[in-house]
Number of protein chains: 2
Amino acid sequence: MTNIRDIAQLSGYSISTVSRVLNHQNYVSDKTRAAIQQVIDQLDYVPNAVARDLSRGKTFNVGVVLPHADHPYFTQLLHGIMQAAFSTNYRVVLLPSKYNATLELQYLEDLRQKAYDALIFTSHGLPLTALNRYRRYGPIVVCENPHDCPIPAAYAERLATYQDAFELLKQRGYRHIGILASRPAPVSATCQAMVTAHHTVFGTDPAPELMRTDVTTPSDAQRAGDYYITQHLKLDAILTNGDDNAVGLRRAYHQHHQTPPFLIGQEHQLSGEVLGLPTIDHHFVEVGIKAFDLAVSGQTGNIAIASQLLLPDPQPQIKRV
Amino acid sequence: MTNIRDIAQLSGYSISTVSRVLNHQNYVSDKTRAAIQQVIDQLDYVPNAVARDLSRGKTFNVGVVLPHADHPYFTQLLHGIMQAAFSTNYRVVLLPSKYNATLELQYLEDLRQKAYDALIFTSHGLPLTALNRYRRYGPIVVCENPHDCPIPAAYAERLATYQDAFELLKQRGYRHIGILASRPAPVSATCQAMVTAHHTVFGTDPAPELMRTDVTTPSDAQRAGDYYITQHLKLDAILTNGDDNAVGLRRAYHQHHQTPPFLIGQEHQLSGEVLGLPTIDHHFVEVGIKAFDLAVSGQTGNIAIASQLLLPDPQPQIKRV
DNA sequence: CTACCTTCTGAAACGCGTTCGAGGTCAAGC
DNA sequence: GCTTGACCTCGAACGCGTTTCAGAAGGTAG
């Protein structure tokens with residue numbers, strides 16, 4: 001492999017001058033530049049990216065920790081992160097973690113070892129305080145409300161919107177309300193927000209048997225539906241954690257030949273549109289962009305982005321021909 | 001920053017012995033190991049990942065070129081790639097390219113500069129021959145049938161399934177068939193396959209005005225639907241390029257108060273299930289796994305994975321209570 | 001007792017580009 | 001004539017871990 005030293009030797013100039021040519025810097029005479037360039041072209045030389053990173057002490061890699069590649073929350077967030085990364089010449093490295101603490105710790109260690117310039121946790125198994133300890137090794141951003149943990153964060157401000165959702169249900173006279181969540185309340189800020197909102201609107205916590213956690217896929221949701229049905233829990237409505245998951249619920253009710261209760265979706269997915277569900281748009285693309293900006297700027301501080309309850313368009317009348 | 005030389009100096013042993021301790025290699029006496037480890041712990045030293053990569057001449061990074069982060073094709077493919085990467089300790093670097101040749105060339109140059117150990121093109125704007133030329137710098141894998149270009153590939157074998165789809169339509173007596181595609185036929189192998197299948201089944205190419213290209217999102221599909229409607233093209237059926245896009249089409253017809261023609265989806269998405277559409281599952285997770293395996297093994301050869309036409313489950317009868 | 005193999009350790013080369021400080025040249029300004 | 005400041009170039013240090021090879025010490029089979 002030819003390297004910068006070879007170019008210097010063959011061209012008769014010094015390494016530093018070659019470096020200046022490679023990086024299109026000033027203070028190289030046209031004549032020298034041409035001579036060096038010719039040798040570079042002749043040997044078909046390109047500088048080694050890893051050596052450059054080592055020398056510069058920077059990789060332009062940002063690690064993004066996520067549990068699922070195929071979940072809309074992560075897909076949308078990632079989309080925003082990529083968009084922002086692209087426009088600043090950073091690269092996004094995907095770090096799968098199934099909320100696994102050991103794995104996440106490894107990624108934090110990788111940050112310490114300078115494998116990444118910054119880390120974004122779209123979700124995490126480790127406690128925030130553990131993540132916070134690693135901030136001395138580089139910027140770390142989370143994508144949830146960190147409350148009293150002083151860690152940079154960009155997240156969807158969900159509470160008010162969950163209240164809107166419950167208000168909607170209350171106005172319609174619904175009282176027995178199921179809730180689907182991906183992870184239980186202490187660890188999941190999202191779930192916590194739903195519980196709090198329920199409390200604010202109805203004055204009570206949701207009944208434990210109506211809350212189903214560990215629901216991430218439509219199949220999980222279908223199982224949750226099976227549970228509601230076989231336990232004979234008569235529900236007026238269900239706040240689902242995703243339009244797609246609402247589809248899973250619907251599947252369960254249909255298989256039991258029952259009309260599903262009133263469903264509210266989340267994530268503003270197409271399936272929700274098709275079913276004509278109210279849904280909650282958390283603007284995750286925005287959140288991703290902000291998370292990335294925090295990560296590379298190294299700023300501290302939290303950025304909350306308001307979610308929004310979207311009511312379905314009225315289903316159009318179809319003229320049967 | 002403390003480095004391996006500091007540890008050597010302070011412990012009184014040589015760099016190579018410290019390196020052996022760091023990498024848990026043999027030929028270090030217990031006593032020496034303990035002494036060195038103590039210094040490491042005391043200085044809270046970790047080796048620099050970039051320096052290690054430089055030294056080893058390997059980064060364990062695989063670049064994945066993709067045009068959209070949020071498209072189901074890429075999401076599913078990426079899911080497979082990540083899964084495979086994870087189990088082999090490789091990392092996945094996302095390289096957005098909107099079929100932009102300049103950008104893709106840059107990524108190829110990055111490969112040459114050793115920024116990645118291998119590249120996977122889930123899609124590409126450059127011709128395959130251009131990609132092929134860069135294989136001397138590292139493994140490159142594409143995710144489509146490369147036909148006569150001798151480049152490693154893992155892809156969904158779609159032709160037979162598209163024939164199945166058109167046969168289905170033919171059996172139902174449909175003749176005027178719309179086709180949605182993301183990119184036009186010469187560059188897109190997918191589109192090519194649809195055209196070929198149409199020809200095989202019906203004996204003719206699809207009418208040009210019935211083929212709508214540049215459709216990647218449901219909104220694009222909606223526009224395609226608007227076109228069909230405003231041009232008064234009476235269609236019997238439409239082969240869409242995605243269940244979600246079928247939703248966009250449906251939206252167009254509904255807004256014009258018309259019943260949409262018979263739709264066939266692709267990608268096996270939830271929206272398709274909800275609409276009760278036949279769909280085509282291309283098994284992209286599988287494809288992603290295979291693509292990754294090809295990339296890191298450096299093997300040549302093509303892996304085709306058969307797609308599958310899935311007929312909808314019969315819509316269950318709902319007992320109105 | 002020799003030949004040879006292990007185990008353990010170190011020096012030095014290797015992978016490779018960036019950057020700082022210093023030195024030299026030449027022209028413009030005072 | 002002298003100072004000042006571009007402009008150009010170089011050497012050397014710096015970022016940092018891995019690996020090869022040589023060599024010392026100790027053991028053992030023949």
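Naming: A, B, ... by sequence-line order, numbering from 1 per chain.
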message: Assuming nearest nucleotide by heavy-atom distance, tell me which of B/Asn23 and A/Gly12 is located more 5' along DNA chain D.
response: A/Gly12

task: Could you check how far CG of A/Asn3 sits from P of C/dT18, rounded to whole Å?
output: 12 Å

- prompt: Do you see a donor-acceptor pair shorter than 3.5 Å between the side chains of B/Glu109 and B/Tyr134?
  reply: yes

- prompt: Taking atom types as they are modelled, is there a donor-acceptor pair under 3.5 Å from the base of C/dA12 to the side chain of B/Ser16?
  reply: no

field: Cationic N near anionic O, under 4.0 Å, A/Lys114 to B/Asp53
entry: no

field: Check: A/Phe284 ring centre within less than 6.0 Å of A/Phe74 ring centre
entry: no

query: Looking at D/dT19, D/dA6, C/dG17, which one has an atom nearest to any side-chain atom of A/Tyr27?
result: D/dA6

field: Charged tip of B/Arg183 within 45° of B/Tyr99 ring normal and under 6.0 Å
entry: yes

field: Selected nucleotide, minimal atom distance to A/Arg52 side chain, candidates D/dG17, D/dT18, C/dG17
entry: C/dG17

task: Indicate whether OP1 or OP2 belonging to C/dC16 is found under 4.0 Å from a side-chain N or O atom of A/Tyr45.
output: no

- prompt: Do the charged groups of A/Arg112 and B/Asp44 touch, with an N to O distance under 4.0 Å?
  reply: yes

message: Can you tell me how the ring of A/Phe60 sits relative to the ring of A/Tyr90, calling it parallel under 30°, perpendicular over 60° and tilted otherwise?
response: tilted

query: Starting at CZ of B/Arg33 and ending at P of C/dG10, how long is that distance when rounded to a whole Å?
result: 14 Å

task: Check whether any side-chain N or O of B/Thr32 sits under 4.0 Å from OP1 or OP2 of C/dT9, and answer yes or no.
output: yes

message: Let's see if you can work this out: which of D/dC8, C/dG17, C/dT9 has an atom nearest to the side-chain heavy atoms of A/Asn48?
response: C/dG17

query: Atom CD1 of A/Ile7 and atom C1' of C/dT18: how far apart are they, to the nearest Å?
result: 16 Å

query: Atom CD1 of B/Ile36 and atom C1' of D/dG17: how far apart are they, to the nearest Å?
result: 14 Å

message: For a quick check of understanding: with a heavy-atom distance under 4.0 Å over all strands, which category does A/Ser29 fall into, base, sugar-phosphate or nothing?
response: sugar-phosphate

message: Is A/Thr17 close enough to D/dC10 that one of its side-chain N or O atoms is under 4.0 Å from OP1 or OP2 there?
response: yes

query: Could you give the CZ-to-P distance, from B/Arg56 to D/dC16, as a whole number of Å?
result: 17 Å

query: Which whole-number value in Å describes the distance from A/Arg20 CZ to D/dC10 P?
result: 8 Å

query: Which comes earlier along DNA chain C counting from the 5' end, the contact point of B/Leu54 or that of B/Ser14, where each point is its nearest nucleotide?
result: B/Ser14

- request: Quick one: label A/Val50 by what it contacts on the DNA or RNA (base, sugar-phosphate, nothing), any heavy atom closer than 4.0 Å.
  value: nothing

message: Please report the distance, rounded to the nearest Å, between CD1 in B/Ile4 and P in C/dA11.
response: 14 Å

message: Rounded to whole Å, how long is the line connecting atom OH of B/Tyr13 with atom P of C/dA11?
response: 13 Å

message: Heavy-atom nearest nucleotide on DNA chain C for A/Ile15 versus B/Ser55: which residue maps closer to 5'?
response: B/Ser55

task: Could you tell me whether the phosphate oxygens of D/dT18, OP1 or OP2, come under 4.0 Å of any side-chain nitrogen or oxygen in B/Ser19?
output: yes

query: Which of these nucleotides, C/dG17, C/dT9, D/dT9, is closest to any side-chain atom of B/Val28?
result: C/dT9

